[in-house]
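Following: one structure in structure tokens, then a few remarks.
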Amino acid sequence: MVGEEKQIVKLVITGPVNAGKTTMVQNLSDSQIAATDVAATDSVSQLKAMTTVGLDFGILKIDEHLELHLFGTPGQSRFNFMWNILSKGAIGAIFLVDSTSDDSMAEMKKMFAYYAEHVDLPVIVGATKQDLPGARSVDEIAALLDLGDVMVIPVDAREKEGSKMLALTLLGNALVEAGAEDEYDDEMEYDDLF
Amino acid sequence: MNSLVYLRRMIINQKPARVDYTVGSETNSIYYERAGFEGSYDEVTTQLRDIFESDNVNVITTSDFNPLSSKRIFAPQAISAALAGYTFNAETRASLLSFVMRLPPLVVRLYPMQRYAFQDNSAYMKMHMMYQQNGVLRMQNYISQSENSRDEMIRLRVMMATYILGLIAPLNSSAQQKSIRTQQINTQRDEKKKSGKVSILTRLINRIRGL
């Protein structure tokens, strides 16, 4: 008997350099991730020693029939073209932005403008490094980046719990959208609720 | 959100019962008798909030109920108090939304919740109006029409209150009698459930909650 085909859905974690994307992919994966970090050479080298040039990749096994594949993108807007591939089969996108960095905000603005124009997926923004001096508030970030209705949530990307909460908020939003779009499945079991 | 199911069944049964629930490593109990929860207003409020968020709830129907206190908080008042200003984190929100997605088309009963200081009574009235206009309420629509995250929280509280107190029920009550099904039908249904977007998102949420 041929085994049932495994379903794969994608979650994209994106945003400017040094915002915590690789760490968040690690936090949400249960497998060893493939990281494509190399020594930074350009202005990025002033921020950190290593940076992502390809994709960070991790897998979270949901059950026997479903896997979540996590993709962390490079943090430069010149890689925006990757959205054409990444958005296929994706359930949503998490943008991370460094709350303390004006450069991060400027890059984020470019990335988000491209995203808003070309991609139609549930999205949420995580504002990292909120504990550092000079960090902008989430309201300031939302206004500065012209995010409209998109939620901005403070997050410590180093903490697993913060990564979980951000992902759960995004998935909750996606669930509300999906519930409103889908017709009620009359065959769905609810006897145990009443 | 199994705790909501247990509370609803207990309240609708109207029989003396004890709710055992675990928060962290601590297990506590609260008694229910004569349509009320035993304890002071503050005690019952705190305990009900703990029950909402507990993953381990058990209701024991007991005939030899020995009250420790004569204080009782009538169920609608107790639920109203527990939900007054109740806020929740992303994890609880995701669980509540998963629960909402499982609810079938509903009927909504009108009940004078304002008498029991239900803070979200106006949202409940709007929900009832929505039901009256359409002849059915789809809770999924009601929640998705929230104007902002604060409004969504209010609507989720209304869902919790009306569900627990039995003020919402399946429109097609005959659907409740569908318990006898053939194995073939069950298999087909399982396949259908697995492929739906709501099902996928619900499974992702459950898995990430457990990380």
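Chain letters run A, B, ... following the sequence lines, proteins first and then strands; every chain starts at 1. Atoms considered below: every heavy atom in the structure, side chains included; atoms not considered: hydrogens, waters and symmetry mates.
Contact of A:A174 with chain B is made through backbone and side chain together, with heavy-atom distances under 4.5 Å. Proximity to chain B (any heavy atom under 4.5 Å) is restricted, for A:I91, to the side chain, taken from C-beta onward. The contact between B:R209 and chain A is made by backbone and side chain atoms together, counting heavy-atom distances below 4.5 Å. B:Y163 touches chain A through its side chain: at least one heavy atom from C-beta onward sits under 4.5 Å away, while N, CA, C and O do not. Heavy-atom distances place both the backbone and the side chain of A:L28 under 4.5 Å from chain B. Both the backbone and the side chain of A:N173 come within contact range of chain B, each with at least one heavy atom under 4.5 Å from a heavy atom of that chain. For a residue to count as touching a neighbouring chain, one of its non-hydrogen atoms must lie under 4.5 Å from one of that chain's; by this rule B:Q145 does not touch chain A. For a residue to count as touching a neighbouring chain, one of its non-hydrogen atoms must lie under 4.5 Å from one of that chain's; by this rule B:S95 does not touch chain A.
Heavy atoms from other residues, nucleotides or ligands lying under 6.0 Å from CE of B:M125 number more than 12. In this structure, A:D120 places its CG atom where only 12 or fewer heavy-atom neighbours from other residues, nucleotides or ligands lie under 6.0 Å away. Within 6.0 Å of atom CZ in A:F112, more than 12 heavy atoms from other residues, nucleotides or ligands are found, so the atom counts as buried in its surroundings.
B:R207 places a side-chain N or O within donor-acceptor distance of the main-chain N or O of A:K61, the cut-off being under 3.5 Å. For the pair B:R93 (side chain) and A:T169 (backbone), a donor-acceptor distance under 3.5 Å is present.
Considering all non-hydrogen atoms of both residues, A:K164 and B:I208 come closest at CE-O, 3.3 Å. Closest approach of B:L97 and A:L175 over heavy atoms only: C-CD2, 3.6 Å.
By the 4.5 Å heavy-atom criterion applied to side chains, A:D192 and B:V5 are not counted as neighbours. Residues A:H65 and B:R203 form a side-chain contact, since some pair of their non-hydrogen atoms from C-beta on lies under 4.5 Å apart. With contacts defined as side-chain heavy-atom distances shorter than 4.5 Å, the pair B:L211/A:L60 qualifies. Counting only heavy atoms from C-beta outward, the side chains of B:R8 and A:F194 approach each other to under 4.5 Å.
Taking CG of B:L204 as the reference point, atom CG of A:L168 lies at 10.0 Å (rounded to 0.5 Å). B:I200 contributes atom CD1, which lies 11.5 Å from atom CD1 of A:I8 (distance to the nearest 0.5 angstrom). From A:E177, atom CD reaches atom OG of B:S144 across 9.5 Å, with rounding to the nearest 0.5 Å.
If you tally non-hydrogen atom pairs under 4.5 Å between each of B:E152, B:M139, B:E91 and chain A, the highest count goes to B:E91.
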